[in-house]
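Read through the structure below, which is laid out as structure tokens, and then see the notes.
Reckoned from all heavy atoms, side chains included, excluding hydrogens, waters and symmetry mates. Sequence lines set the chain letters: A, B, ... in the order given, protein chains first and strands last, and positions in each chain run from 1.
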Amino acid sequence: MQRPDPADLMIWYDRQRRALPWRTLPGEQPDPYRVWLSEIMLQQTTVQAVKPYFAAFLARFPTVQSLAEAPADAVMSAWAGLGYYSRARNLHACAQAVVTRHGGRFPATEAELRDLPGIGAYTSAAVAAIAFGEVAAAVDGNVERVMSRLFRLETPMPAGRAEVARRTLAMVPADRPGDFAQALMDLGATICTPRKPACALCPWRAPCLARQAGEQDAYPRKLAKKGGALRRGAAFVLIRNDDAILLRTRPPKGLLGGMAEVPTGLWSDRHDPLRALDDAPTNAAWTASNSVVRHVFTHFPLELTVYAARTADPAIAPGTGRFTPLGQLADEPLPTVMRKVIATGLAVLGLGRG
DNA sequence: TATCCGTGGAT
DNA sequence: TATCCAAGGAT
């Protein structure tokens, strides 16, 4: 039985590598700031989704220094829609740590990177390898899949990740650690895909034990996960006569932490529609939307009934929230579910999109 | 180790 | 429609 040769992967990579905005051309020196920014954005997020955010972020915050000095609101707004908002908070904290702790330059080793906010085992290895040429094993979902198929690893993820890391590290070419990491990810993204892998085009088709057994689809082994129960609630779109909408800021941690929202009642599997207006921010002529806004989070689905009202002089308790002109909604860090809610509420009031 | 944390696209 | 899942990290 022949063992997989890293050189075969590198030959394939030199011919088939994807051109991506955060990648340099062969021979160019990568900018650690761009490498780091792209790696954070790409966590659990598709390349296609990241591309426009990466460009906009870079235009708005060209350097780690500028990002560190930016207000938190500006960072959250630039991230709005991309999801996993703790990444944005940690991104900001990390930029500030790089400035204060490391003089504005990213540390060059996996161990030092690992100590920064939002940088874990994968990202520290990826940045160390890609930006600084350190021999490190950047094990992400792609690498888990490639290695568990290549060696037909039976330990289910995430426990099996340790062996994947050992196998990967043992194969890193000393002269091209960054390219090897990116080659593995390209292979996983384009050839060794979750379903219907294109084994005929794979540089490692011969030594791959899963392919030899015809069981590519059975790897990586994974433990079954359970879904959460449906939660329901009420959301309140209140428009003042000067076309300003009542918003508030969510608590800094937890679900949608630090993001903006319209007032809502509790989101609960025991939500009672008959008492929904108990949670309204003010007395008004509330009109319910015909259909609910549905949204699916990682661990539970959500249905929000939208109540909308226009009033000239809303009696809002102090501290309830703030009024933002509808024309400035783009500057608010609104998660996708809240953009759906606001669109629905405006439709109820016949205000449409403007 | 298990759970929490978004979103949009593919099948 | 239902399910999976994509360059994970924090707790």
**OP:** Return the 5'-most residue of the pair A:Arg18, A:Gly118 with respect to DNA chain C, ranking by each residue's nearest nucleotide.
**Re:** A:Arg18
Subject >> Phosphate OP1/OP2 of B:dC5 contacted by A:His299 side-chain N/O (<4.0 Å) >> reply: yes
**OP:** Quote, to the nearest angstrom, the P distance that separates C:dA7 from B:dC4.
**Re:** 24 Å
**OP:** Would you indicate what A:Leu223 reaches in the nucleic acid, counting non-hydrogen atoms under 4.0 angstrom: base, sugar-phosphate, or nothing?
**Re:** nothing
Original post:
Between B:dT3 and C:dC4, how far is it from one P atom to the other, in whole Å?
Top reply: 16 Å
Subject >> A:Thr45 side chain to A:Gln43 backbone, donor-acceptor under 3.5 Å >> reply: yes
Original post:
Any side-chain donor paired with an acceptor under 3.5 Å for A:Glu332 and A:Thr324?
Top reply: yes
**OP:** Just call it for A:Ala121: base, sugar-phosphate, or nothing, with non-hydrogen atoms closer than 4.0 Å on any strand.
**Re:** sugar-phosphate
Original post:
Taking the same atom, P, in C:dT1 and in B:dG6, what whole-Å distance lies between them?
Top reply: 25 Å
Subject >> Note, A:Phe132 side chain near A:Val35 side chain (heavy atom, < 4.5 Å) >> reply: no
Original post:
Which stems, defined as runs of 3 or more consecutive Watson-Crick or G-U wobble pairs with both pairing distances under 3.5 Å, involve DNA chain C?
Top reply: B:2-5 with C:8-11, B:7-11 with C:2-6
**OP:** Report the C-alpha separation of A:Asp278 and A:Arg275 in whole Å, then their side-chain angles, then the decisive distance to 0.1 Å, and conclude whether the salt bridge (Lys or Arg N to Asp or Glu O under 4.0 Å) test is met.
**Re:** CA-CA 6 Å; A:Asp278 292 357; A:Arg275 309 210 54 171; 2.9 Å; yes
Original post:
How does protein contact run along nucleotides 6-11 of chain B, one letter per nucleotide 5' to 3', with B for base contact, S for sugar-phosphate only, - for none, heavy atoms under 4.0 Å?
Top reply: BBS---
**OP:** Using modelled atom types only, decide if a donor and an acceptor are shared between the side chain of A:Thr282 and the backbone of A:Ala315 within a distance under 3.5 Å.
**Re:** yes
Original post:
Under 4.0 angstrom, heavy atoms only, what part of the nucleic acid is A:Trp36 near: base, sugar-phosphate, or nothing?
Top reply: nothing
**OP:** Spell out, as yes or no, whether a donor-acceptor pair under 3.5 Å connects the side chain of A:Ser77 to the backbone of A:Asp331.
**Re:** yes
Subject >> Expected output: side-chain A:Lys340 to main-chain A:His295 donor-acceptor under 3.5 Å >> reply: no
Original post:
Okay, side chain of A:Arg89, backbone of A:Gly257: is any donor-acceptor separation there less than 3.5 Å?
Top reply: yes
Original post:
Looking for any heavy atom pair under 4.0 Å, which part of the strands does A:Arg145 touch: base, sugar-phosphate only, or nothing?
Top reply: sugar-phosphate
**OP:** Could you check whether A:Thr123 gets within reach of a base, just the sugar-phosphate, or nothing at all, counting any heavy atom under 4.0 Å?
**Re:** sugar-phosphate
**OP:** Determine yes or no for a side-chain-to-main-chain donor-acceptor pair under 3.5 angstrom, with A:Thr320 supplying the side chain and A:Ile316 the backbone.
**Re:** no
